[in-house]
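Naming: A, B, ... by sequence-line order, numbering from 1 per chain. What you see is a predicted model, and the numbers here were worked out from it, not measured in a lab.
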Amino acid sequence: MIYYIYDGSFDGILTAIYDAYYRRETPEKIVSEDDFQESFLINKIYIKTDREKADKVYNAIETKISNQALKNVFYVYLSERTDRGTIIYHYLKLGWKIGIDIDLNLTNNNVLLLQNICQSVSKERHFMLGLVRFRELKNNILYAPIEPEYNVIGLIGQHFSNRISNENWIIHDVNRNIAAIYNKQEWIVIELEMNPTIELHKDEETYQRLWKEYFNNISIKNKVNPRLQKRNMPMKYWKYLIEK
Amino acid sequence: MDVFEKLKILSDAAKYDVSCSSSGSNRKSKKEGLGNASVSGICHSWSDDGRCISLLKILFTNDCIYNCVYCINRCTNDLPRAMFTPEEVADLTINFYKRNYIEGLFLSSAVYRNPNYTMELLGKTVKKLREEQNFNGYIHLKAIPGADKEIIEKAGMYADRMSVNIELPSSEGLRSLAPQKNKESILRPMNFINSRMHQSIEEIKTFKYAEKFVPAGQTTQLIVGATRDDDLKILKLSEGLYKGYKLKRVYYSAYVPVTNSPNLPAISSPPFLRENRLYQADWLLRFYGYNADELLDESKPNFDLEIDPKCDWALRNINLFPVEINKADYNMLLRIPGIGVKSAMRIVSARKFASLDFDHLRKLGVVLKRAKYFITCKGKYYGLKTMDGENIRKHLVSEIKGKESTNGIEQLSIFSLYPNLIINNNKTIVTGAFQ
Ligand code: SF4
């Protein structure tokens, strides 16, 4: 039983797929070193991330399968599931055979699983677009803490750089200690640890109060439906909402 | 009066206006400005009644010269009145928007002094937002019935969407409940907005820099249950509005009893279930290729409250079923209860590779509890022993009852408002920022 162990990066998975192909090996699993559980029966092969190999696989996905496949693979990577390497591997293996129609092949369990994962990531990304709440800091920077289940911060930066292009802002993934930051020109993702005491702008509290006032007012009292509310807006996202 | 007080009164007065979508426009953000309008629409929160919040929905004022019987703002009603200034509305919109609370502004108003004066105030507000504050977010503006078309046009230049509320689905209804309004004063601005929109689309084809006029189109709202009009009449009206006036959406709002006038029906609670049935039927008109006459007719002018319109249609046409899943074309798949747009598309994809069985369907998201009575898979039928409409109906009713009473009425949930959200994954730019 061969396991490929990679360093946890996206390029690492792509390198592993490159190696499997050229070594004509069929690894049982492709796992990141963090997720790997030592076992006596496993034959480990460590994959050294190689940017050139990764680029080749990246381009091959785009040209031999589809753009959509590339996006799918990246989304599955961002799901941070421990089996993500293996799922991507099986998907691409089938993809080299079928080509652009791979995503239609929903009777294949691996393809269906991959699509469901992509959908969850995509759904969370969409949730984040709506549920990110900025607070204006004393120095006029807009700051938003988030705790998404998946690593979606890189998928939302572009949206906010279009949306709030004339302000400086930070979106902070508190658990992963990373942040998307924007300086009115461009945005990047960096590692970030926040100072726990942040100072708010003098008007911030007023607008928070106005928003809460609006939020409470807009619901129709004889139609109150907390279950529906929770289903549309899962409670795991409430922590940083002003209105909740 | 401070802004808190005004916001309280004027959001309260607007909350029964049901339109909430912010989709359908793609206003590009400009550097130096704030905001863009996203085509797919974004919900920012869900209120305690489970409705999606995407816009700051307020009235400019609730101080009305008219006396529509069904309306809480009518001039003879004794309640606190308030009026924003254009600056206040602009400031709230900008500050809510940049904190990512909202996708834009929904601005409506009671009729203050006269229709033209009110429309001018609304126009002034949106002009301020767009020109002085450089706001590029979404704006949905109400056109006030009776205002001159030049004034409506001027304001409309700054809006993404405009709507004129029809409110009452018939002329008799208007006569008895809103005597100062008439069909003409409502349809004239609707007609004008429609033709002005199309003119602008033509101009944009020829002149690159021609201005867009309400690019996200026009909607309207109908009150259900304040008049005697039946569902068939309402649905026919909607169908006509979609076809003839190219409306983007018709919203339905269950009549909420606010007074007891002899002209109003004596009901104790709003007909929410009926409202829900109309939304479901409206959905069938717009996305499933049904027409109003298939769903209702003179002999049955109202929806069955026990069963949704699609199940009802299938049962009345039981001779068309069962349908073989591996053969039926896409449009027929859509007509099977328990199969939505997404699962129909998945079925069509998946069966190119393998012939589908019952288990596959479950994985593809088909609601088998409902669909099983209407389908065969590889020739095998999983429903009841006989294809008997009455019997199937009984089973469906008990199934649906359980579901609706626990989930409540949910026509405004995110998935029903944005069918595209789930079907097309949003386009994303892979930035490579993670390397
Ligand atoms: S004109 Fe509008 S706000 Fe005024 S009473 Fe009639 S429905 Fe109400």
J.: How close do B:Ser349 and A:Leu104 get, counting heavy atoms only, and between which atoms?
T.: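 What the structure gives for the nearest pair is OG-CD2, 3.3 Å.
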
J.: Can you say whether A:Leu210 sits under 4.5 Å from chain B via the side chain, the backbone, both, or neither, judging by heavy atoms?
T.: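 A:Leu210 touches chain B through backbone and side-chain heavy atoms alike.
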
J.: Which residues satisfy the side-chain contact (heavy atoms from CB on, under 4.5 Å) test with A:Asn217, sequence neighbours excluded?
T.: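 With sequence neighbours excluded, A:Asn217 shows a side-chain contact (heavy atoms from CB on, under 4.5 Å) to A:Glu213, B:Lys8, B:Ser11, B:Asp12, given in chain and number order.
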
J.: Non-hydrogen atoms of chain A under 4.5 Å away: do they reach the side chain of B:Lys98, the backbone, both or neither?
T.: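 The answer is both parts of B:Lys98.
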
J.: Taking NZ, NE, NH1 and NH2 as the nitrogens, is one of them in A:Glu167 or B:Arg99 under 4.0 Å from a carboxylate oxygen of the other?
T.: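 Judged by the 4.0 Å cut-off on N to carboxylate O distance, A:Glu167 and B:Arg99 do not form a salt bridge.
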
J.: Do B:Lys363 and A:Asn109 meet the criterion of a side-chain donor-acceptor pair at a distance under 3.5 Å?
T.: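 Yes, a side-chain donor-acceptor pair sits under 3.5 Å.
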
J.: Check A:Asp103 with B:Arg346, please: is the shortest side-chain N to carboxylate O separation under 4.0 Å?
T.: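 Salt bridge: no.
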
J.: Under 4.5 Å from any heavy atom of chain B, what part of A:Ile242 do you find: side chain, backbone, both or neither?
T.: side chain

J.: Side chain from CB out, backbone as N, CA, C, O: work out which of these in A:Arg209 comes under 4.5 Å of a heavy atom of chain B, or both, or neither.
T.: both

J.: Check the orientation of B:Tyr101 and A:Trp211. Use parallel for under 30°, tilted for 30 to 60°, and perpendicular for over 60°.
T.: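 If you compare the ring of B:Tyr101 with that of A:Trp211, the planes turn out parallel.
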
J.: Considering only heavy atoms, which portion of A:Lys230 lies under 4.5 Å from any heavy atom of chain B: side chain, backbone, both, or neither?
T.: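 It is neither, since no heavy atom gets under 4.5 Å.
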
J.: With sequence neighbours left out, write down each residue that passes side-chain contact (heavy atoms from CB on, under 4.5 Å) with A:Asn59, or none if nothing qualifies.
T.: A:Glu62

J.: Quick one: what part of B:Leu56 sits under 4.5 Å from any heavy atom of chain A, side chain, backbone, both or neither?
T.: both

J.: For the backbone of B:Leu92 and the side chain of A:Tyr207, can you confirm whether one donor and one acceptor N or O come within less than 3.5 Å of each other?
T.: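 Answer holds: no.
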
J.: Counting distance only, does the side-chain N/O of B:Asn100 pair as donor-acceptor with the main-chain N or O of A:Val132 below 3.5 Å?
T.: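 Yes, the answer is positive, given that a donor and an acceptor are paired below the 3.5 Å cut-off.
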
J.: Determine, stepwise, if the pair B:Arg51 / A:Ser219 fulfils side-chain contact (heavy atoms from CB on, under 4.5 Å).
T.: CA-CA 8 Å; B:Arg51 291 190 305 166; A:Ser219 82; over 6 Å; no

